[in-house]
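Note sheet for the following structure.
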Amino acid sequence: MKTDLAKKASVLFSGGTDSTLAAYLIGRRVRQLTLLTFEPKHVLFIENSRRHVQKLAVALPDVEIHHEIIPVQKNIRKILLSDLAGDWKKYGFNLTALVCLGCRMAMHAAAVIYNLENEIPVIVDGSIRYQSTVPEQLPSFIRRNREKLWARYGIRHYSPIYEVADSDRRLDTLGISSKGGLKKQFILFDTQPTCLFGVPADVYARLFYGALSGPAREVDSYEYSTEKYPLVSKVIADHFDGKNPGLDELASNLRMQSEKLSAQWKDVSHD
Amino acid sequence: MTKLIGRYVIAAFMIPVGLALGVCGFMQNAIRRRRYLEKEKQILQQLDES
């Protein structure tokens with residue numbers, strides 16, 4: 001029997017196997033699921049993200065599924081590109097990987113706005129430990145982001161598949177995959193967009209920004225995100241400026257719903 | 001077929017870019033290692049206090 005976590009949830013959804021599995025898991029516990037795909041100008045084949053939406057709709061027949069492709073170029077300009085020269089001066093070559101964190105934070109700003117406007121108290125993503133070489137999937141960033149961003153606006157965040165390394169195989173078993181072995185794909189993926197900057201960033205993060213860099217990755221991620229949070233808050237505040245209901249009212253409405261929910265995914269009822 | 005060629009063309013350009021930047025970053029992080037260790041200590045202290 002399905003147990004409601006909340007009536008509505010959204011998913012940071014690229015269409016890849018991780019976010020699709022995360023969407024499926026949360027979709028089994030809600031009545032309305034919104035898949036949020038963000039479109040910066042520098043990604044190729046954004047429409048690929050639609051492939052797993054159709055599969056999810058079949059796998060979750062009782063759930064109302066919406067898929068939104070949201071342009072985030074303005075947010076990227078205000079957050080990631082706000083002071084690129086200053087960032088370069090401070091972080092140097094490590095900016096190769098940190099730009100993905102800035103881009104992710106620009107997407108998060110758009111997700112907060114969407115959730116607030118549509119009264120969605122829960123958001124999930126497909127972050128996994130296996131990819132924690134990239135700053136935005138570090139456990140420390142995810143924890144900090146829960147506190148500094150999601151909780152601030154009354155949104156409960158979960159990373160339900162963080163310890164899962166074989167989402168493609170699980171989707172195969174569930175009959176959701178569009179084809180087998182999707183995790184083995186690289187660049188030009190079948191079910192998700194390709195970010196051209198993501199290729200050098202991934203090479204940089206995997207090979208040079210882990211243990212080899214000592215504490216650099218953790219320190220940089222902490223400082224970079226701390227510098228960007230005020231910009232994220234400003235983007236959100238500017239969006240709601242002069243609107244009725246205002247930001248505080250919307251956030252407090254969501255908080256009233258999300259406070260009742262478990263803080264940890266493992267404590268969510270899985271009946 | 002186009003996709004397969006595209007994949008390898010992108011990889012042929014972008015992976016060496018990542019490797020070149022990575023080698024530079026590796027040297028940069030080695031030079032800044034002491035500074036990073038100090039900053040790490042400060043951050044942990046800040047987090048403990050809060």
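Residue numbers begin at 1 in each chain, while the letters A, B, ... track the order of the sequences.
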Practice task
Only counting residues at least two apart or in another chain, list the ones meeting ring-ring contact (aromatic ring centres under 6.0 Å, His included) with A/Phe141.
Solution key: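 ring-ring contact (aromatic ring centres under 6.0 Å, His included) check on A/Phe141 returns nothing, list empty.
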
Examine whether an atom of [X] lies under 4.5 Å from a heavy atom of chain B, and if so say whether it belongs to the side chain, the backbone or both; otherwise answer neither.
| X | result |
| --- | --- |
| A/Leu95 | neither |
| A/Leu212 | both |
| A/Tyr91 | backbone |

Between the side chain of [X] and the main-chain N/O of [Y], is any donor-acceptor distance below 3.5 Å?
| X | Y | result |
| --- | --- | --- |
| A/Tyr162 | A/Gln137 | yes |
| A/Asp202 | A/Gly198 | no |
| A/Ser262 | A/Gln264 | no |

Handout entry: Heavy-atom neighbours of A/Tyr130 OH exceed 12 at 6.0 Å
Key = no

Practice task
Check the surroundings of atom CZ in A/Arg169: do more than 12 heavy atoms from other residues, nucleotides or ligands lie under 6.0 Å from it?
Solution key: no

Practice task
Any chance you could lay out the side-chain hydrogen bond (donor to acceptor under 3.5 Å, both in side chains) test for A/Asp18 and A/Ser167, step after step, and finish with the verdict?
Solution key: CA-CA 6 Å; A/Asp18 298 328; A/Ser167 54; 2.6 Å; yes

Problem - Polar contact flag, side-chain donor to acceptor under 3.5 angstrom, A/Asp125-A/Ser159 - result: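 There is such a pair (donor and acceptor under 3.5 Å, judged by atom type) between the side chains of A/Asp125 and A/Ser159.
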
Fill in the blank from the handout: CG (A/Leu261) and NE2 (A/His157) are apart, to the nearest 0.5 Å, by 14.0 Å

Problem - Pairs where residues 129-141 of chain A contributes a residue and the test salt bridge (charged side-chain N to carboxylate O under 4.0 Å, His left out) is met, not counting sequence neighbours - result: A/Arg129-A/Glu163

Handout entry: chain B neighbours within residues 76-85 of chain A, where any heavy atom lies under 4.5 Å away
Key = none

Exercise for the section: For chain B, find its close neighbours in residues 145-155 of chain A: heavy-atom separation under 4.5 Å, sorted by number, or none. Expected result: none

Exercise for the section: Please determine, among B/Ala30, B/Gly18, B/Ala11, the option with the most heavy-atom pairs under 4.5 Å with chain A. Expected result: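 Ranked by contacts with chain A, first place is B/Gly18.
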
Exercise for the section: Flag the one option from B/Leu37, B/Ile43, B/Leu19, B/Ile15 with the top tally of heavy-atom pairs under 4.5 Å to chain A. Expected result: B/Ile43

Exercise for the section: In plain terms, say whether A/Arg156 and A/Glu259 are close enough for a salt bridge, that is, a side-chain N and a carboxylate O under 4.0 Å apart. Expected result: no

So for [X], is it side chain, backbone, both, or neither that comes closer than 4.5 Å to the heavy atoms of chain A?
| X | value |
| --- | --- |
| B/Glu40 | both |
| B/Gln46 | side chain |
| B/Arg35 | neither |
| B/Tyr8 | side chain |

Exercise for the section: Sort out for me which residue in A/Thr17, A/Thr20, A/Asp190 forms a side chain to side chain donor-acceptor pair (under 3.5 Å) with A/His52. Expected result: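 That would be A/Thr20; it is the only one of A/Thr17, A/Thr20, A/Asp190 passing the side chain to side chain donor-acceptor pair (under 3.5 Å) with A/His52.
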
Practice task
Could you please spell out the steps behind the ring-ring contact (aromatic ring centres under 6.0 Å, His included) verdict for A/Tyr204 and A/Tyr209?
Solution key: CA-CA 6 Å; A/Tyr204 189 97; A/Tyr209 208 30; 5.7 Å; yes

Exercise for the section: Would you check if A/Phe38 and A/Ile46 make a side-chain contact, meaning some heavy-atom pair closer than 4.5 Å? Expected result: no

